[in-house]
2 protein chains.
Amino acid sequence: MSDALVQDRVSDAPDYTPRQSAVLEEALRLLVEGGDRALTTAAIARAANCSKESLYKWFGDRDDLLAAMVSWQAAKVRVRTSSDMPADGADFRQRLEEFASDLLTVLSGDVSLALNRLAIGQASRDDSRLGALVLKRGRDAIRQRASALLRSGLDRGHLEFTDIERAYRALYGLVVGDLHVRMLLGDEPTGADRDFRRHAQRAIAQFFRLYGTADPDGKPSGKNHNQH
Amino acid sequence: MSDALVQDRVSDAPDYTPRQSAVLEEALRLLVEGGDRALTTAAIARAANCSKESLYKWFGDRDDLLAAMVSWQAAKVRVRTSSDMPADGADFRQRLEEFASDLLTVLSGDVSLALNRLAIGQASRDDSRLGALVLKRGRDAIRQRASALLRSGLDRGHLEFTDIERAYRALYGLVVGDLHVRMLLGDEPTGADRDFRRHAQRAIAQFFRLYGTADPDGKPSGKNHNQH
DNA sequence: ACGGAACCGTACCGTACGGTACTCTATGCA
DNA sequence: TGCATAGAGTACCGTACGGTACGGTTCCGT
């Protein structure tokens, strides 16, 4: 699946006209402010100053429009895949902390929460592609970035693991915990949870205690018990 | 919030008549099989062989009926809070593994997923209590059980931590990872993820590397770096 | 200046759902 | 036996939404 990265980037990201982008932007605003109930075709047309007929001409179905919203938002959020690889151990650790902090920031964003709620709410409908779309454009993109980072840490000897999937899952779990689902259910994170940088640092520290090598500059320590 | 446990147990668990319970059961079946679209008052009445008028008389509003479904399911799932506390370190570890395995089993259950989807889908509506209800009756109940376990491990010297909230969050994260949200979005866990017992064991092993004392029979080792 | 395409605003249609009212049956009680 | 209450089944109402059709306006190419 990773060998089709470039093709995905091109074929899956339809470029919308400025007008269409504006419409999608208004639709996202409506969704964030009023939830799925506010996201009627009439309301979108009104908010975007266009006619319903144009909506159907530009995006096809209503479901197609929802899908376009996901694609559009995913394209906007697409993180800068920092081209340069981390230099030393301290740098690598900081990269991980940045990733963790970014992850928390993205997941707790208004638009992300609203879109995830929408997709989850429709996940039961068998004809809905929204869930799969969010998984692909959202979570898998995040996993790609994390996996690249983890692999680089492995190659440089900052990390030790055999199964990158397990390492990623632990990383994600330590960083996010149940915060995401709580927020999806409408829980507002309380004071301590709002300090993403601090929490990211703690989570990464724990991650290093599980998968890190003792030496901050590389050279596996052999102390790691993750394989058996 | 923990000092009101018994009161909560009593006042928040309305006991439904057998007839009402049967209706709620049918409603849950409908929800699982057809999603929220299938959960119309007419469909519920038809499935439960009762009249819509009776539905409104028994449960009030439609939202009240949804809330009743959550309460009913939560009461059914209410875990046996194993009265006896773990004996030695091995026993304690097994208790944690059981908790982790149970957690994964519950979260991946049909009804749990359907109800969480329903509540999340409505979390944007400002007048919906479903999200808060699921948080309280579902997740907080789980956290209570885990917290009791963690505290017992701390008291007996199997674990070391200062902030039980952080310890719980790490535990939850290591066990669940992003599996729950993936499933909520409609992703079917692939082969390896289905083996909950194995995964639970691995997660607990990692948790012990973060919060466990070296000695399996107690006595803090001082090797734990979780506080600062 | 003319013709046409794009498109906004609105009206319209069919349908589906939440909620209510009404009729008819059965069961319990005096 | 007569009566009352509960409840099933159904018809009904208002509303809201997805989707389509139509008139009017603006803008562009010729």
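Proteins get letters first, then strands, A, B, ... in listed order; numbering begins at 1 in each.
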Enquirer: If I take atom CD in residue Q20(A) and atom C1' in nucleotide dC8(C), what distance separates them, rounded to the nearest angstrom?
Expert: 16 Å
Enquirer: Does the side chain of R139(A) reach to within under 4.5 Å of the side chain of D187(B), using non-hydrogen atoms?
Expert: no
Enquirer: Would you say the side chain of Q73(B) lies within less than 4.5 Å of the side chain of V77(B), judging by non-hydrogen atoms?
Expert: yes
Enquirer: Would you say S112(A)'s side chain and S108(A)'s backbone share a donor-acceptor pair under 3.5 angstrom?
Expert: no
Enquirer: Listed by chain and number, what are the salt bridge (charged side-chain N to carboxylate O under 4.0 Å, His left out) partners of E33(A), not counting sequence neighbours?
Expert: R29(A)
Enquirer: Figure out the CG/C1' separation between L65(B) and dG18(C), and round it to whole Å.
Expert: 12 Å
Enquirer: Does a side chain donor of either H199(A) or R169(B) reach within less than 3.5 Å of an acceptor in the other side chain?
Expert: yes
Enquirer: Which pairs with one or both residues in residues 54-75 of chain A pass salt bridge (Lys or Arg N to Asp or Glu O under 4.0 Å), sequence neighbours excluded?
Expert: D64(A)-R129(A)
Enquirer: CG of D64(A) versus C1' of dG19(D): gap in Å, rounded?
Expert: 13 Å
Enquirer: Specify the separation, in whole Å, of atom CG of L39(A) and atom P of dG19(D).
Expert: 12 Å
Enquirer: Sugar-phosphate atoms are those with a prime plus P, OP1 and OP2; base atoms are the rest. Using that split, label each nucleotide of nucleotides 5-15 of chain D B, S or - for protein heavy atoms under 4.0 Å, 5' to 3'.
Expert: --SBB------
